[in-house]
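Down below is the structure, laid out as structure tokens.
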Amino acid sequence: MNCAFITGITGQDGSYLAEFLLDQGYEVVGMVRRSSTVNFERINHIQDRVTLVSGDLLDEVSLISILREYRPQEVYNLAAQSFVQTSWVQPVFTGEVTALGVTRLLDAIRTVDPTIRFYQASSSEMFGKVLEVPQTETTPFYPRSPYGVAKVYGHWITVNYRESYGLHATSGILFNHESPRRGFEFVTRKISSHAARIKLGLAHELRLGNLESRRDWGYAPDYVRAMWLMLQQEAPGDYVVATGETHSVRDFVELAFDHVGLDYRQFVVQDERFMRPAEVDLLVGDCRKARDALGWQPEVTFEELVRRMVDADLRGFGERV
Ligand code: NAP
Ligand code: G4F
């Protein structure tokens, strides 16, 4: 039985990837951080089918011990301080986890078993103030946040360990991907949860920042499939994973509120607190390489994604009313 080790298993992507790998017959080992309250909501339903181990990307000793004990063939590094806005408030911490954390894990792999296949969760945020439209694997990076800068470091250290030590180290440059399991602080879930709560009479307004920024939004379960496909390739590499479509935050709001029969203009309030010191105005990816080499393509459309998120929140909040 193949064994896969996932950092960030309690997050949106980690939970979907764990489900996917279990379905493929993998033994799944997931790293969780010690905290005073348990936050296993996204993996409650599979908790008895995965092995959860304590560790932290800040602590290389824990990474080495886990690799020595479980001997995985594949490692998926999904753990990160992943919220862009927080990266301006905690830039050093973001760098420690999201940038240097990658080096700690790569070095643990090099020390324990250099045949392990490694996946790094790189991000379209690295393109930032985009230098080319659409963005591909060769588009130069111009990050616009401490998070984006940290991800650029994570990307290049992955390439460097591949080239320096011959590791099977792959960087998946994933564009935004969402789901009903998305954290409430990210704009899509903030919108879907507010549309549902307003419809149910549980809230009366939605405060947002920049409505004009554009993102290439896909569906998270489609994207974790791409991660796995990358590690099944003979050679490691870099892959853009995206839908090729771009929509504004305003488009997302309009669709979400339309879906519950409301006019968003009556509820949305622009609030300076949610504007960013430097914005990424436009992201749209060209995933031709992933399509040709991996046979990957997205299955859920933007409109369907919005509907699924709003419907899930209507059910979730509806049950609590
Ligand atoms: P998420 O929901 O925020 O999950 C992040 C995970 O990282 C959580 O499990 C968190 O654990 C864990 N974590 C944070 N700091 C850690 C540390 N010091 N040591 C160990 N674990 C730590 O993120 P996501 O949306 O699933 O994204 C997964 C990865 O893909 C992230 O690296 C993100 O930056 C990257 N990415 C995401 C997208 C996207 O659109 N979702 C796009 C491109 C790249 P706790 O539960 O304990 O906080
Ligand atoms: O949902 P967001 O916070 O996602 P962002 O910044 O694009 O980052 C996400 O995607 C990246 C991939 O490109 C990942 F690497 C990263 O980990 C994360 O998953 O914001 C999207 C857009 C931004 O332009 C933001 O300014 O929505 C705009 N926005 C407008 N009002 C808002 C809000 N974002 C948030 N979070 N909250 C608002 O009230």
Side-chain angles (χ1 to χ4, degrees), residues 6-18 30-35 37-43 54-59 62-63 76-87 93-94 96-98 100-102 104-105 119-128 135 143-145 147-148 150-151 154-155 171-179 181-191 194 206-220 223-224 227 241-242 247-250 252-253 268-283 285:
I6 304 175
T7 72
I9 194 168
T10 55
Q12 171 189 257
D13 290 6
S15 65
Y16 284 120
L17 179 65
M31 186 170 79
V32 293
R33 298 192 278 179
R34 142 86 193 142
S35 88
T37 48
V38 174
N39 65 339
F40 295 170
E41 281 148 49
R42 295 185 178 104
I43 52 169
S54 178
D56 200 301
L57 279 191
L58 299 175
D59 181 29
S62 65
L63 304 174
Y76 296 85
N77 183 34
L78 308 188
Q81 190 304 91
S82 76
F83 188 42
V84 172
Q85 189 108 33
T86 293
S87 75
F93 174 74
T94 300
E96 282 289 352
V97 179
T98 306
L100 284 177
V102 188
R104 293 189 190 95
L105 187 50
Y119 173 84
Q120 166 58 15
S122 290
S123 165
S124 51
E125 275 288 314
M126 301 190 302
F127 297 121
Q135 295 84 53
R144 295 276 278 170
S145 62
Y147 167 83
K151 281 289 179 186
H155 171 80
S171 173
I173 306 174
L174 271 51
F175 282 61
N176 298 52
H177 44 279
E178 319 293 315
S179 74
R181 294 188 198 164
R182 190 53 142 155
F184 285 101
E185 67 276 35
F186 297 92
V187 79
T188 55
R189 187 73 193 284
K190 189 171 172 183
I191 295 167
H194 277 77
L206 165 57
R207 303 188 85 84
L208 290 174
N210 182 8
L211 294 175
E212 310 312 330
S213 59
R214 303 182 73 85
R215 291 288 182 276
D216 180 328
W217 277 299
Y219 182 52
Y223 286 48
V224 302
M227 296 175 189
V241 177
H247 299 273
S248 66
V249 172
R250 187 182 297 280
F252 198 108
V253 180
V268 170
V269 179
Q270 270 207 301
D271 187 330
E272 279 295 313
R273 283 179 304 155
F274 300 109
M275 304 293 277
R276 296 181 175 179
E279 180 61 280
V280 172
D281 295 317
L282 163 74
L283 289 174

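This is a predicted model, so every value here is computed, not measured. For ligands, and for the atoms within them, numbers begin at 1 and follow the listed sequence.
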Task: Residue part near ligand 2, for L283, under 4.0 Å between non-hydrogen atoms - done: side chain
Task: Mode of V84 contact toward ligand 2 - side chain, backbone, both, neither (heavy atoms, under 4.0 Å) - done: side chain
Open item on the list: Can you list everything that forms a ring-ring contact (aromatic ring centres under 6.0 Å, His included) with Y119? Sequence neighbours excluded, please.
Closed with: none
- [ ] Pick whichever of T188, N176, T86 has a heavy atom sitting closest to atom 12 (C) of ligand 2.
- [x] N176
Could you check ligand 1 for N or O atoms lying under 3.5 Å from protein N or O atoms and list the pairs with distances?
{"unit_1": "ligand 1", "atom_1": "2 (O)", "unit_2": "Q12", "atom_2": "N", "d": "3.0"}
{"unit_1": "ligand 1", "atom_1": "3 (O)", "unit_2": "S82", "atom_2": "OG", "d": "2.6"}
{"unit_1": "ligand 1", "atom_1": "7 (O)", "unit_2": "A80", "atom_2": "N", "d": "3.2"}
{"unit_1": "ligand 1", "atom_1": "9 (O)", "unit_2": "G8", "atom_2": "O", "d": "3.4"}
{"unit_1": "ligand 1", "atom_1": "9 (O)", "unit_2": "T10", "atom_2": "OG1", "d": "2.6"}
{"unit_1": "ligand 1", "atom_1": "9 (O)", "unit_2": "G11", "atom_2": "N", "d": "3.1"}
{"unit_1": "ligand 1", "atom_1": "11 (O)", "unit_2": "T10", "atom_2": "OG1", "d": "3.3"}
{"unit_1": "ligand 1", "atom_1": "15 (N)", "unit_2": "R33", "atom_2": "NH1", "d": "3.4"}
{"unit_1": "ligand 1", "atom_1": "18 (N)", "unit_2": "D56", "atom_2": "OD1", "d": "2.8"}
{"unit_1": "ligand 1", "atom_1": "19 (N)", "unit_2": "D56", "atom_2": "OD1", "d": "3.2"}
{"unit_1": "ligand 1", "atom_1": "19 (N)", "unit_2": "L57", "atom_2": "N", "d": "3.0"}
{"unit_1": "ligand 1", "atom_1": "25 (O)", "unit_2": "R182", "atom_2": "NH1", "d": "3.3"}
{"unit_1": "ligand 1", "atom_1": "26 (O)", "unit_2": "Q12", "atom_2": "N", "d": "3.2"}
{"unit_1": "ligand 1", "atom_1": "26 (O)", "unit_2": "D13", "atom_2": "N", "d": "2.8"}
{"unit_1": "ligand 1", "atom_1": "32 (O)", "unit_2": "L78", "atom_2": "O", "d": "2.9"}
{"unit_1": "ligand 1", "atom_1": "32 (O)", "unit_2": "K151", "atom_2": "NZ", "d": "2.9"}
{"unit_1": "ligand 1", "atom_1": "34 (O)", "unit_2": "Y147", "atom_2": "OH", "d": "2.6"}
{"unit_1": "ligand 1", "atom_1": "34 (O)", "unit_2": "K151", "atom_2": "NZ", "d": "3.2"}
{"unit_1": "ligand 1", "atom_1": "40 (O)", "unit_2": "H177", "atom_2": "N", "d": "2.9"}
{"unit_1": "ligand 1", "atom_1": "40 (O)", "unit_2": "R182", "atom_2": "NH2", "d": "3.2"}
{"unit_1": "ligand 1", "atom_1": "41 (N)", "unit_2": "H177", "atom_2": "NE2", "d": "3.4"}
{"unit_1": "ligand 1", "atom_1": "41 (N)", "unit_2": "R182", "atom_2": "NH1", "d": "3.2"}
{"unit_1": "ligand 1", "atom_1": "46 (O)", "unit_2": "T10", "atom_2": "OG1", "d": "2.6"}
{"unit_1": "ligand 1", "atom_1": "46 (O)", "unit_2": "N39", "atom_2": "ND2", "d": "2.8"}
{"unit_1": "ligand 1", "atom_1": "47 (O)", "unit_2": "R33", "atom_2": "NE", "d": "3.2"}
{"unit_1": "ligand 1", "atom_1": "47 (O)", "unit_2": "R33", "atom_2": "NH2", "d": "3.4"}
{"unit_1": "ligand 1", "atom_1": "48 (O)", "unit_2": "R33", "atom_2": "NH2", "d": "2.7"}

Task: From the candidates R214, R215, M275, the one that places a heavy atom nearest atom 7 (O) of ligand 2 - done: R215
Open item on the list: Heavy atoms only: which of R276, Q12, H194 lies closest to atom 3 (O) of ligand 2?
Closed with: R276
Task: Flag if over 12 foreign heavy atoms under 6.0 Å of CD, E212 - done: yes
TODO: Give the contacting part of V249 toward ligand 2: side chain, backbone, both or neither, where contact means a heavy-atom distance below 4.0 Å.
DONE: side chain
TODO: Using a 4.0 Å heavy-atom threshold (strictly under), name the region of E279 that reaches ligand 2: side chain, backbone, both or neither.
DONE: side chain
TODO: Answer side chain, backbone, both or neither: which part of S213 comes under 4.0 Å from ligand 2, heavy atoms only.
DONE: side chain
Task: Closest to atom 39 (O) of ligand 2 among K190, M126, R189 (heavy-atom distance) - done: K190
TODO: Please verify whether a non-hydrogen atom of Q85 lies at under 4.0 Å from ligand 2.
DONE: no
Task: Contact with ligand 2 for R144, non-hydrogen, under 4.0 angstrom - done: no
Open item on the list: Going by the closest heavy atom to atom 19 (O) of ligand 2, which one wins out of E125, R182, H177?
Closed with: R182
